[in-house]
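Below is one structure, written out as structure tokens; comments come after it.
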Amino acid sequence: MSPDNPDSERPVGEPDQPAPPRTPDVMPPEADLSAGTAPGGLPASAAYQSSLELRFDEPRRPLRAVATVLGAVLALAALGVPLGLLWAALAPDTPVLKTAEGAIYAEPQPEQPIAADGWFSLLGLAFGLIVALALWYVLRRRRGPVGLLAAVLGTLVAAPVAWQVGRRIGLATFERLLTTAPAGEAFSKPADLRAGGVDWLLGVLPVPHGNLLLPAFGAAVMYTLLAGWSRWPGLRPEPEPGEFSWVSAGTPTPPAGPEPPAPDAAEPPRG
């Protein structure tokens, strides 16, 4: 290597050759996105929309929606059991007196039956609100009509279950005393509902009424409010725009600067 021959690998007598033309660098996929196009040549907006469709439109299959609603209804029906136990624990029993004709209230105007209805109404309304909140976050990919239907139907089933479970706590003892107790003996009647019940439509379809509808009412109101306050138009969580890096398709790409000459490039002739 010498000042006359800067390249040690090239023979001394070989004349200088011009440098090969430089090919432009291949733009990486990230650069394509920054220019407003996806790696496949699609516009960035189309790629973003396709990504959302793959992520959030897939759960809209009918069979999966039906299975989700049925699963939520069964789970909420099971939760009606602890709700009924809680109601039976909080609602007071009504004192009665055994007579020759049957049992009568020990007080002329007892307040215990009204308190039992009040406790069931409060617990049922709170149960509906909690169910709507839980399903909103648990079934976040099913938000919308599917989630609302699951909340309403589930609470409609859970309310009669809670009523039947709660009213049967101590009912066997009351019926036994009603039959075997002598006249004049005082005992208590377990809590029951007077402002609600179940009617049978055509003898086949059960239709709840009264305060048995309060859990479904609370669930519907809470779920609707959550949908109204949602920041996503589709109610389902969507990726933030910051996850994608591109600028407008009309923004020109800045030109690349001139490349420095190669060390072994021939000097252009001087005029």
Side-chain angles (χ1 to χ4, degrees), residues 56-91 113-169 191-202 204-238:
F56 305 107
D57 290 348
E58 184 179 0
R60 297 179 182 175
R61 299 178 180 178
L63 293 180
R64 292 188 178 180
V66 172
T68 300
V69 172
L70 291 179
V73 169
L74 293 177
L76 294 177
L79 291 178
V81 175
L83 178 62
L85 296 176
L86 179 61
W87 172 57
L90 295 176
I114 301 176
D117 282 330
W119 275 113
F120 190 91
S121 299
L122 292 176
L123 292 175
L125 187 60
F127 179 75
L129 298 178
I130 295 174
V131 164
L133 284 172
L135 291 184
W136 178 263
Y137 290 103
V138 172
L139 303 179
R140 62 180 59 193
R141 299 193 61 178
R142 301 289 183 181
R143 289 176 180 174
V146 175
L148 179 61
L149 185 63
V152 171
L153 290 181
T155 49
L156 278 178
V157 175
V161 171
W163 170 45
Q164 290 299 319
V165 170
R167 69 183 294 269
R168 293 182 185 277
I169 303 298
D192 203 350
L193 291 182
R194 298 194 306 175
V198 175
D199 294 332
W200 291 89
L201 182 62
L202 301 177
V204 178
L205 182 63
V207 180
H209 62 86
N211 48 11
L212 289 181
L213 299 177
L214 283 176
F217 174 76
V221 170
M222 176 58 72
Y223 202 93
T224 304
L225 290 177
L226 290 173
W229 292 338
S230 177
R231 60 174 177 167
W232 294 295
L235 301 183
R236 302 171 182 84
E238 299 177 3

Compare every heavy atom of [Y] with every heavy atom of [X], then report the nearest pair and how far apart it is.
| X | Y | result |
| --- | --- | --- |
| Leu125 | Leu214 | CD1-O, 3.9 Å |
| Tyr223 | Gly144 | OH-N, 3.3 Å |
| Ala132 | Ala219 | CB-O, 3.5 Å |
| Leu76 | Phe127 | O-CZ, 4.3 Å |
| Arg143 | Trp136 | NE-O, 2.8 Å |
| Ala65 | Val146 | CB-CG2, 3.9 Å |

Just to verify, what does Leu139 make a side chain to side chain contact (heavy atoms under 4.5 Å, CB included) with, not counting sequence neighbours?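 Only Thr68, Leu135, Arg142 meet the side chain to side chain contact (heavy atoms under 4.5 Å, CB included) criterion with Leu139.
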State which residues pass side chain to side chain contact (heavy atoms under 4.5 Å, CB included) with Val152; sequence neighbours excluded, sorted by chain then number.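 Partners of Val152 under the side chain to side chain contact (heavy atoms under 4.5 Å, CB included) test: Leu148, Leu156, Ala216, Ala220.
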To the nearest 0.5 Å, how far apart are CG in Leu129 and CZ in Phe217?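 It comes to 9.5 Å.
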Spacing of Leu123 atom CG and Trp87 atom CH2 [to the nearest 0.5 Å]: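 With rounding to 0.5 Å, CG (Leu123) is 9.5 Å from CH2 (Trp87).
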Does any part of the side chain of His209, heavy atoms only, come nearer than 4.5 Å to the side chain of Asp199, both counted from C-beta?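 They are in contact (side-chain heavy atoms under 4.5 Å apart), so the answer is yes.
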Does the pair Trp119 and Leu86 meet the rule for a side chain to side chain contact (heavy atoms under 4.5 Å, CB included), with working shown? CA-CA 10 Å; Trp119 275 113; Leu86 179 61; over 6 Å; no
Worked verdict on Met222 versus Leu133 for side chain to side chain contact (heavy atoms under 4.5 Å, CB included): CA-CA 7 Å; Met222 176 58 72; Leu133 284 172; 4.2 Å; yes
Show every side chain to side chain donor-acceptor pair (under 3.5 Å) that has at least one partner inside residues 145-163, sequence neighbours left out.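 Applying side chain to side chain donor-acceptor pair (under 3.5 Å) to every pair that reaches into residues 145-163, excluding sequence neighbours, yields Trp163-Asp192.
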Could you check whether any side-chain N or O of Asp117 sits under 3.5 Å from a backbone N or O of Arg194, counting only pairs where one atom can act as donor and the other as acceptor?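 Present.
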